[in-house]
Amino acid sequence: MPEQSGKVQTVLGLIEPDLLGRTMTHEHLTMTFECSHVPPAPGDEGLAAAPIEMKHLHWLQQNPYSHHENLLLSQEIEAVKEELLCYRKAGGGSIVENTTTGITRNLPVLRQLAKETGVHIIAGAGYYVDVTHSDETRKMTVEKLTDIIVNEVLHGADGTDIRCGVIGEIGTSWPITESEKKVLRATAHAQTQLGCPVIIHPGRNKAAPGEAIRILQEAGGDISKTVMSHLDRSIYDPQELLEFAKMGSYLEYDLFGTEVLNYQFNLDVDMLSDSQRVQTLAFLIREGYEDRLLIAHDIHTKHRLTKYGGHGFSHILKNIVPKMLSRGITQNQVDKILIENPKQWLTFK
Ligand SMILES: CC(=O)NCCS(=O)(=O)O
């Protein structure tokens with residue numbers, strides 16, 4: 001049985017699960033997102049190249065992926081540190097940092113932030129979406145990928161002794177590519193060895209979450225210990241959502257704070273607003289899924305930091321929790337979503 005059994009693995013070492021407190025299960029503290037750049041609309045090239053300024057804020061909020069500098073969260077370590085201190089003051093305890101290979105994971109920075117702020121930080125093992133896979137990664141067998149992921153959890157990643165405490169976010173596109181399928185199978189095999197939590201980034205299609213879970217399941221993964229991210233932009237129809245929920249993964253609404261008219265990555269999608277996210281949580285609770293719900297902001301660009309007029313890492317604690325309570329979700333259910341469910345998920349078997 002690995003030493004992680006019954007514990008949560010943070011970038012500063014193993015801790016008792018009860019120490020986690022309120023936990024955002026899907027955030028990024030330092031990463032780059034140039035792989036997802038969307039060319040600006042004709043006529044907007046000047047805005048896309050201009051420094052971030054108050055007068056451009058609305059454009060930036062609606063076109064976050066067209067502004068190169070906005071995609072470099074890695075440049076904002078000091079601002080993120082300030083945010084984490086505020087997050088603690090607001091009652092936050094822990095953050096799962098989902099940056100994996102391909103979007104510039106920086107474990108030494110995560111360790112430094114954990115030491116300086118007192119926030120428990122859990123780092124992610126594995127690989128982001130196919131466009132970020134190197135030729136070397138693409139050529140690897142499932143066995144080799146499994147060894148690498150297991151090593152990132154048991155011994156440390158990126159040449160450091162800093163150990164990851166979850167596998168993911170494991171990136172998948174739509175349709176899921178061959179290289180991504182190998183990574184999913186390796187994830188399931190590593191999870192079988194380690195008894196660890198897993199988190200998946202689905203492709204941008206309503207069929208994508210189910211397909212990723214099926215691949216994990218067929219490879220022996222533990223779906224009850226797996227989180228499906230980004231449901232806010234993936235499955236809207238209530239019946240289809242319930243069908244997916246029956247598969248047994250955690251259901252994560254992790255784009256709180258994102259309010260956009262046009263979702264740049266898929267214009268067919270009407271991205272949920274925060275009010276609709278809360279309504280969806282209430283619906284899933286009524287349907288019996290309160291033990292399966294997780295929430296977060298998935299901050300991955302500069303404009304969502306308070307330094308740039310964004311909502312920051314404390315938005316859920318300061319604004320969404322009161323809204324949940326005012327819409328009939330009980331304090332006990334809020335605590336489940338923010339404390340108990342993350343604890344159950346993050347504790348190694
Ligand atoms: C970093 C990351 O993968 N964010 C997800 C953005 S998306 O719009 O939900 O795909």
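Numbers for residues simply follow the sequence, beginning at 1. Just follow the structure's listing: the first ligand is 1, and inside any ligand the first atom is 1.
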Enumerate, one pair per line, all nitrogen or oxygen atoms of ligand 1 lying under 3.5 Å from a protein nitrogen or oxygen, stating the separation to 0.1 Å; write 'none' if no such pair exists.
{"residue": "ligand 1", "atom": "3 (O)", "partner": "Y128", "partner atom": "OH", "Å": "2.5"}
{"residue": "ligand 1", "atom": "3 (O)", "partner": "E169", "partner atom": "OE1", "Å": "3.4"}
{"residue": "ligand 1", "atom": "3 (O)", "partner": "H201", "partner atom": "ND1", "Å": "3.2"}
{"residue": "ligand 1", "atom": "4 (N)", "partner": "D298", "partner atom": "OD2", "Å": "3.0"}
{"residue": "ligand 1", "atom": "8 (O)", "partner": "Y263", "partner atom": "OH", "Å": "2.6"}
{"residue": "ligand 1", "atom": "9 (O)", "partner": "R233", "partner atom": "NE", "Å": "3.0"}
{"residue": "ligand 1", "atom": "10 (O)", "partner": "R204", "partner atom": "NE", "Å": "3.0"}
{"residue": "ligand 1", "atom": "10 (O)", "partner": "R204", "partner atom": "NH2", "Å": "2.8"}
{"residue": "ligand 1", "atom": "10 (O)", "partner": "R233", "partner atom": "NE", "Å": "3.3"}
{"residue": "ligand 1", "atom": "10 (O)", "partner": "R233", "partner atom": "NH2", "Å": "3.0"}
{"residue": "ligand 1", "atom": "10 (O)", "partner": "Y263", "partner atom": "OH", "Å": "3.2"}

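Not counting sequence neighbours, the partners of K181 by the salt bridge (charged side-chain N to carboxylate O under 4.0 Å, His left out) test are E178.
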Problem - Criterion side-chain hydrogen bond (donor to acceptor under 3.5 Å, both in side chains) on S229 and H201, from CA distance to verdict - result: CA-CA 5 Å; S229 309; H201 163 110; over 6 Å; no
>> Please evaluate residues H230 and D254 with respect to the criterion side-chain hydrogen bond (donor to acceptor under 3.5 Å, both in side chains), reporting the C-alpha separation (whole Å), side-chain torsions for both, the decisive distance (0.1 Å), and the verdict.
In response: CA-CA 6 Å; H230 311 324; D254 51 29; 2.9 Å; yes
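Salt-bridge annotation for D161 and R111: present, with a side-chain N of the basic residue lying under 4.0 Å from a carboxylate O of the acidic one.
Taking the six-membered ring for Trp and the full ring otherwise, the centers of H315 and F256 sit at least 6.0 Å from each other.
A perpendicular orientation is assigned to the rings of F313 and H297, their planes being inclined by more than 60° (bins at 30° and 60°).
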